[in-house]
Amino acid sequence: MVVQKEKKTINRLKSMYPLRAKVNETYLKSIEAIQAGKPAVWGMLNFYYGDPILKAMDIEVVYPENYGAIAAAMGVARQYLDRADAEGFPTHLCGYSLTTLGYASRMMKELKGQIPPEAPLGGMPKPLFLMSSAAICDARYKWFQALGRYMDVPVWPLEAPIPGIKEFFIEGYYDKMMKLGVKHLRDFVAFVEKMVGKKMDWDRLDKTANLMIEVNRVWHEVNELRKARPCPMHSRDFWSAMPAALFLAGDLEDSLRLYQDMYREVKDRVNNHVGAIPDEKYRMVFAELPPWHSLAFFDKLAERGWNFVIESFGYHPPIPLDLSKVSDPLERITKFSLQFLVGYFEDARKQNVLGGTSAYPYLKYVKEWKCDGALLHPLITCRSASTHLPYVSDMLIEKLNVPSLSIEGDIVDLRLFNPEDALAKAEPFEETMEHYKRMRKQAGFDW
Amino acid sequence: MNWFMGIDIGSAYSKGVITRDFELAASHIIISGANYRKSAETMRTELIRKVNLTQNDVANTVATGFGADNVYFASQKTSDIVCTARGINNVFPQARTVIDLAGQSTRVIRLNETGIVTNFTASEKCAAGGGRFVEVIANVLRINLSDFGPLAAKSRRPITFGTGCAVFGESEAITRISEGIPKEDIAAGVNKALASTVASLVKKLKLEEPCAICGGGALNTALVRTIESELNINLLIPAQPQLITALGAAIIAATSVTSQSSTA
Amino acid sequence: MYFAGVDIGSTMTKVVLMDKAGNLLSFIKGPTGAEHRQLANEVMRQALEQARLQIDDISYIVATGYGRLNVPFADRQITELSCHARGVSSLFPNARTAIDIGGQDAKCMKIDNGRLVNFVMNDKCAAGTGRFLEVTATTLGIKLEDMGDVSLKAAKQIQISNLCTIFAQQEVVALLSRGEKLENILAGLHDALASRVAALARRLGIEPDLVLTGGVAKNIGMVKAMKESLGCEILVPEEPLLTGALGAAILAKETYAKAAAAGETLPTRSRRLEKATFFS
Amino acid sequence: MSDKNKGLNKAREIYLDSSRRAKELKAADKKIIGYPCVYVPVEMLTALDLVPYRTCADMKEPVTEADRALPHSFCPVMRNCLDCALKGKNDFLDGMVAIHSCDPQEKTARIWESYTHYPYFHFIDMPITVRPEALEYFKGQLNDFRKTLEAFTGKKLSADKLEAAIKSHNQQRALVRELYELTKSSPPHVSGTEIVQVVKALTSLPVAEGNNLLTETIGEVKKRAARPEKKSARLLIWSSTLDDTDIMQVFEAKANVVMNESCGGVRAYRGEVKLTADRLEGLADYYLNEITCARTFRQAALGETRKDYGRDLQSRFGYLKGAIKDWKINGVVMLLVRYCDPFAFEIPSLKDYLNSIGVPSTYIEYDYTTGALAPMRTRVEAFIETISQ
Ligand SMILES: Nc1ncnc2c1ncn2[C@@H]1O[C@H](COP(=O)(O)OP(=O)(O)O)[C@@H](O)[C@H]1O
Ligand SMILES: Nc1ncnc2c1ncn2[C@@H]1O[C@H](COP(=O)(O)OP(=O)(O)O)[C@@H](O)[C@H]1O
Ligand code: SF4
Ligand code: SF4
Ligand code: SF4
């Protein structure tokens, strides 16, 4: 009998594996550490504001947003969702938030604080406090507030300014954002100190901040290399490697070394014209969260010559900025975090693309990474990953003659994403991409 | 060998055509039924009979539609979106947008002068957004599908359906009949509901004129009128709108053979 | 003194007549049947006939259900939620949760002390209601009454992938022609509906005793599927279709008694046995 | 009083055709500035002689144009609002001011700005906490707003004029509260439906005209013989947006809605702007701290390191308690606009709070379309049945 192995067309980076292993390992390690009595915090992905502070204070962080994805993939999310539903949370809310709320209800109301036995990867233990975030979406601070029903732990909502693109250029605007950020972080440090009962080690924070910035810089450079044709690194490698930069998962010195290795491997591929897929016909940008449970879908597309060369702005490191002269680590962290939000504003204003923080970068990516098409994956219950997509698709076609294919999915109701249906649309979409390739030629674009 | 066959096994109807020199030579429409494989066979036999040929005279066959997998004798399966675009381009080379009103869904496709798809979108998987809604209501009104359009055209006061569900729409229609609401107002109400779904799909994609309409739903002339007034445009309607996708399949059958022989 | 509850559902009209001691004098159900115009009053007429009463003998009439708004001979309208809750708790005094799956919607009710205290309902898409089964029964050419029994014979469940009732209907036909067994398909259909209703019910939180009422409760295949989806015991009234009308009759009696005790006279409508219309 | 053009009648007319007055004023060379959310400090517009005009959504208008700009699973109020703009209904505006009150407001503002071309467009960022640094930042935002307004009008925002504007708007707030005093009686002197019309009229008129309208209305209502019919329940509706009379009527067919705790009701009028030395400070403080809406993150004490759910509920919902007592409310409807995240997350906690003070409540969801009314009706009736047994 011949066992048919699933064909894998994507040529994965070797340097990705140790990085991914590291991320997984640190996850388990941190659970162990917490179980051994180390303080744990539930954190919301906050785009660099709070994490270095927690890291410098030696606090382990678990990310419910991330855990929601794990629970969904492992098939245990359903029962938490049902619980949240029964507790009266409207079903149209962010699926990850409902998973967490259901989880908290099970752990705190039913099991009196014990980690539920069915919880995958060791579960999330009761936190010391909650660090929520105002950046990107309302769910991200309202959700942690709602957790107050189940756990009497304090919440710190991290403020993040949401400037308008034009308004940002009003004189003095940036300084006011800085003032807010630095003062806010200073108060946050005081809060954390009180919570863990020890003082901040400022030298350590200084080092942590620098490492965070450096890790992200290298990671940025890796992604710049993907502009090469054929593109040496597929989005799947990006997703596997991103947690080390985005959540600062793992030891930062290790991460730095591993990203440097990755840089070398990718550079090598560029020099030797090695692509991430055998025959790159279409260069694609992927918008927002990938369908984690059907990643094999990308192999099928790779067989058709679709290479995914760049992806969601929200998971990308900020455009590097020289911060070596900024002596106060809190100021450095704030500048770095703000850079994530406003790094593309100058350009966006010039191009008069005012549709928001997460919209403009797609135009830049498509232009610089020379994409033929965009695959958009709007998610029923994640507003922030979906709201800007119609606008993005409109701008891409209008300004750059690049078409988009939109395939609906969800973050927890995994059945919603139908890979067969999506593949059935690949054929007509290839025609569309070919058409626009010609249009771009006519309009004088260089790809 | 210049005969080509295109077979479109739709959710409601199976449509087949034979072309010669890119011209329609024969066509056939049957109800898809439950056994798509059998429908495909019947289709082939009938088409060949109509042009007085044998199977071997057909140089190439392309299958498309919901049940394309069952057309085992086709050389290739092609997406219905692509077929519709090629088909409409054959009939109306000037068309830049085409609305395809099929049984399960409504599709809107933008295309260029060579029939290449330049963008597309489809309605959600809810019967209230496709031709099935018309069938369901026609059944309640006890009229033939072919009478639906002429009937609806008579309406002055189309009803508004209370829910967006075709199943509930069915009971609502039954109730309305019992209240003495004229059948034409009910029929026109269905058209109104569908037209607004279509209009929002078209707007989402952005309309480029001229715009054509095809698929079985285009046989419903009143629906076509309603869509026209909703979008405030004139639509191009092919003589046999239901055949367009099958025609496109036959054209692809022809072009892929020609391009193969030229590269060989 | 006599009281009546009239439940005009989307599919069936049900009438319960009761005397002042609460004894049931008659209960009749018949199709709401919009196509034949007179059915609500027709069902009422039959009920009166069975109880050997005249319409003028009835002291107070409560109408409920989807068509409650325009019943010419009813004195008061009460939502089917309150009526079902009342009906259920008169039959099962320990009931805390009731699920009613009707032809037009599915509702879950929390009951405390015989009264409705909270509820959730679905009425947007036929796929989560009894209509889902009705439609597929018609397609398959089997009797609604038999669906449940047949489904119990299933050796396995076949997943129905289409969410939409109408497309599911088509899918079922295709499955049959592919040679799938009817009972397995039916089991899949019941499971699909049950899981949708169970999701709704969980939103409210389920407390025992749990009662399933409404026409769909007559279907033992659904009762089984609901048990599996919810993982708890389910009680079913003998005549689940009548629960709403029964509740309406009881509420009629109670409203009347309360007014009488307070020395008030309730306004009543003239007793005209005329057709009821749904839309104003 | 039988003058058809006064008081309630006038309010109804403006409600039905809200842009008429703005267009008249525009024809008389006034500049009209739109704003989609009550968090925009209209005082600053008034002080510069600009006419603030709230660009409301229109429930009766099916959304057709916004489909290409926003996905379906998005706040239907803002979708509808943008749809109206894309249909050109606000083309008469000289400018727009949007604000980051919630995510959908912020996102819609971006798209609004991109797809329309008013001579002036400004976006105000607003923090989510009431911490001192957040207040300071918000004040800075208002100062930037001042700068762009001054550049647009070519005038300086004078302290006197701003003070006068604040006073007029405070007077408007006081008058609305006075109007709400008239729903305390049973039956109320004025119905929830009528108040929806009045409030919408206020947001479509210059402040002075609005104040006149209020004065007329209050006088008329106090004197009139025919009061709304007494119903079996007195409701408070807690919602993000309840600004349509048809929805209100679904409730008022069976109950008296004596408090509309939404931005179509009392929300923007409960407090008062303080006349601080730095006027912008008073404004910033009012909008960030005083308006109670789910969008602002509140906690019992700033940066508290201990947490107690009971105190937490009190800090978030305590403002409802007084109204529930004083207006003798016997039922609360949590009316949720589907996909409205800030309010949706509050529902279970608010329910806990209301339980703790012994008021029955129900949760009803709607999607801001007329199609939502029929299913709502049964839910509303059933709730009223449960509380009036
Ligand atoms: N004679 C007719 N008059 C009006 N409408 C028709 C007629 N025939 C078919 N239709 C409509 O066309 C639809 C089927 O269209 P078709 O393009 O064949 O769909 P499919 O490819 O899914 O089978 C039916 O659902 C019905 O609404
Ligand atoms: N004898 C029966 N066996 C199985 N199911 C039944 C039977 N009678 C009715 N039903 C189911 O009950 C539903 C109607 O229930 P009912 O409670 O009368 O609803 P409504 O009040 O909306 O008319 C139908 O959709 C059908 O699925
Ligand atoms: S809605 Fe999306 S971005 Fe917001 S918390 Fe949920 S998953 Fe995260
Ligand atoms: S609403 Fe009706 S037509 Fe639409 S999916 Fe549901 S059952 Fe099907
Ligand atoms: S508060 Fe809610 S209803 Fe209001 S704009 Fe925001 S999301 Fe929409």
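Proteins get letters first, then strands, A, B, ... in listed order; numbering begins at 1 in each.
Between A:Lys142 and D:Asp341 there is no salt bridge, since no side-chain nitrogen of the basic residue lies less than 4.0 Å from a carboxylate oxygen of the acidic one. Ionic pairing of A:Lys176 and D:Asp144 is present here: one or more N-O contacts between side-chain nitrogen and carboxylate oxygen are shorter than 4.0 angstrom. Between D:Arg131 and A:Asp187 there is a salt bridge, since at least one side-chain N of the basic residue sits less than 4.0 Å from a carboxylate O of the acidic one.
Residues A:Pro90 and D:Leu336 are in side-chain contact: their nearest non-hydrogen atoms beyond the backbone lie under 4.5 Å apart. Residues A:Gln145 and D:Arg316 meet the side-chain proximity criterion, which asks for heavy atoms closer than 4.5 Å. Residues A:Asp394 and D:Arg68 form a side-chain contact, since some pair of their non-hydrogen atoms from C-beta on lies under 4.5 Å apart.
Neither the backbone nor the side chain of A:Pro378 has a heavy atom closer than 4.5 Å to any heavy atom of chain D. In this structure, chain D has a heavy atom under 4.5 Å from the side chain of A:Leu101, while its backbone stays farther away. For A:Phe129, no part lies under 4.5 angstrom from a heavy atom of chain D. Heavy-atom distances place the side chain of D:Ile347, and not its backbone, under 4.5 Å from chain A.
At distances below 3.5 Å, at least one donor-acceptor pair connects side-chain atoms of A:Tyr141 with backbone N or O atoms of D:Arg295. No donor-acceptor pair under 3.5 Å is formed between the side chain of D:Glu133 and the backbone N or O of A:Gly181.
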